[in-house]
Trainee: 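Here you go, one structure.
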Amino acid sequence: MIRVRFVTLGLATAAMTAFTAAPPKPPVSATNHPLEFIDTSFENASPIWYEFAPDGTVLIHLLYDHERSSPNRAAGHIHFQLQAKPQSKLTLEFLNLDNVWNGVSSSIARELKAVVISENGREWKPVPLESLPENRVRLQIEMPGPRLYVARVEPYRLSDLDRLLASLRSNPLVQITSIGKTVQGRELEIIRVGNPQPPFRVFLRARAHAWEPGGNWVVEGLVHRLLQDDADAKKFLTRFCVYILPMANKDGVALGRTRFNFQGKDLNRDWNKPADPQLAPENYALEQWLEGMAGKGQSPHLALELHNDGNGQLHISRPPVPELPRYLDRMATLEELLRKHTWFTEGSTKGSFRNSGTLGEGWLERYHIDAAVHEFNCNWIAGLKDYPSAKHWQTYGEKLATVFYEYFGLVRP
Ligand SMILES: [Zn+2]
């Protein structure tokens, strides 16, 4: 039996070698390797496959998710648990970072500068990554115990959102409304914080792209600030209330995908036309909600679409709409207030920048709402000279309350 297997394998190897004309790779034995297993069975874990290089490096192959009717693909969500001998030293290499974005090849290898690690999945600390040729990055790590989580940035899971929602439900200043369901049938909630009839309304959406948890931490910080029982919170809520769709791509977050929804749609695209209820039910539900608000004369005065990338800018798009000068003027006010009250230093897109199909541009074009995409740099916070963390993003959200208060003091509807 063993002999037969050996012969079969030998023939297969010979055939493959002849076919590809590549030198055969030396056999790899993982028997004595300190890594026992990589667990990806839990909530928000990234789908991967892995193998051992001859020198013992663990090669982690991220899996791409794909956009429908498009060459676009994305990988870059990292969240798994290493199970290995305590105190062993592991070398990991991340592969498949060659994304296609807006039809153009665009490796994220150069912008991947750090990951975070945690023994319990709650307290995380950053570890720098090393850039290698051919769009690979390397992580060298010593196991503090038998289990260690590795993630791209501090994860924010569905269970984290459920905990937030549970803590808010009985608050008289909060209303949680279900607006529809995701492709896989998960409930989509909008959280309103504040009185229903204030002079101004702000809308925020987070997590259209599943790997990007920064926006979730930001909106948590904002919600908690607005619900602090103090004079400033009361003052804020006499001027504005916030409506938050905290997790647009819940299916992707639950199953550890990188970017698209489960019908291969990018939820931050196609806002220049009505949403498809079958392919993008997450956007269709939001669009129905928005049109309902408009019908009641309660459209948001400002909308922010929160994301993570390697730059952290405010994306000011310039579609040819008559109200463009008014919009640009207000976005300049917003940027100034962000610089004044938060750690924001990254600035905004200039010149003829267009961000076609994004919620920012689409809501301005179709609904005349002052809307923008706000990216948060996932690698470094220049204004703090520190790695990003849940805590820093929450602080940002807390300060947004002041930003919105002053913004609506300066602009007129
Ligand atoms: Zn994004």
Side-chain angles (χ1 to χ4, degrees), residues 44 46 62 64-68 70 72-79 97-113 151-157 161 182 188 203-219 244-272 275 280 282-283 286 303-317 344 346 348-349 353-363 371-381 388 393 396-397:
N44 188 240
S46 46
L62 304 179
Y64 294 108
D65 50 323
H66 293 262
E67 189 174 24
R68 179 180 287 265
S70 158
N72 292 346
R73 69 178 187 205
H77 177 58
I78 297 170
H79 190 190
L97 304 169
D98 303 314
N99 290 355
V100 179
W101 183 78
N102 286 355
V104 179
S105 296
S106 168
S107 172
I108 57 158
R110 275 172 301 277
E111 70 176 49
L112 256 180
K113 302 269 198 318
R152 178 141 179 212
V153 280
E154 280 190 52
Y156 190 102
R157 297 146 283 217
L161 176 62
T182 65
L188 293 162
F203 172 82
L204 299 105
R205 183 174 79 155
R207 220 61 182 275
H209 296 150
W211 81 267
E212 304 166 16
N216 276 117
W217 296 112
V218 170
V219 296
I244 298 167
L245 174 56
M247 200 177 273
N249 192 349
K250 270 192 176 177
D251 297 345
V253 174
L255 290 141
R257 298 288 186 88
T258 296
R259 189 176 178 99
F260 308 111
N261 83 346
F262 269 55
Q263 287 291 347
K265 295 298 283 183
D266 188 328
L267 299 178
N268 197 29
R269 292 291 183 276
D270 296 340
W271 280 104
N272 50 343
E282 299 88 353
N283 281 0
L286 178 56
L304 292 178
E305 162 80 1
L306 309 180
H307 287 258
N308 280 120
D309 72 354
N311 294 308
Q313 288 195 314
L314 194 60
H315 285 190
I316 308 301
S317 199
F344 180 79
E346 287 81 358
S348 58
T349 54
F353 180 83
R354 290 286 302 275
N355 215 356
S356 298
T358 59
L359 185 146
E361 185 172 310
W363 283 26
V373 171
H374 189 338
E375 298 279 357
F376 290 88
N377 188 321
C378 63
N379 302 306
W380 188 248
I381 297 179
W393 282 325
Y396 194 94

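Side-chain atoms are counted along with the backbone in the values below, which use heavy atoms only and exclude waters and symmetry mates. Atoms within a ligand are numbered from 1 in the order they appear, just like the ligands themselves.
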Trainee: Going by atom types alone, do N44 and R157 pair a side-chain donor with an acceptor below 3.5 Å?
Mentor: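 On atom types as modelled, these side chains do not qualify, holding no pair under 3.5 Å.
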
Trainee: Fit a plane to each ring of Y64 and H66, take the angle between them on a 0 to 90° scale, and name the class: parallel (under 30°), tilted (30 to 60°) or perpendicular (over 60°).
Mentor: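 Y64 vs H66 ring planes: perpendicular.
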
Trainee: So if I apply the side-chain contact (heavy atoms from CB on, under 4.5 Å) rule between N268 and each of N283, V373, N249, N355, which one comes out positive?
Mentor: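 Single pass found, and it is V373.
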
Trainee: For distances below 2.8 Å, what is the count of protein N, O or S atoms around the Zn ion (ligand 1)?
Mentor: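 Under the 2.8 Å cut-off, the count stands at 4.
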
Trainee: Go through the steps to decide whether N377 and E346 satisfy the test side-chain hydrogen bond (donor to acceptor under 3.5 Å, both in side chains), and finish with yes or no.
Mentor: CA-CA 9 Å; N377 188 321; E346 287 81 358; 5.2 Å; no

Trainee: Salt bridge (charged side-chain N to carboxylate O under 4.0 Å, His left out) with D65: which residues, sequence neighbours excluded?
Mentor: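 Counting only residues at least two positions away or on another chain, D65 forms no salt bridge (charged side-chain N to carboxylate O under 4.0 Å, His left out).
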
Trainee: Please check if the number of heavy atoms outside W101 that lie under 6.0 Å from its CH2 is greater than 12.
Mentor: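 No, not enclosed.
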
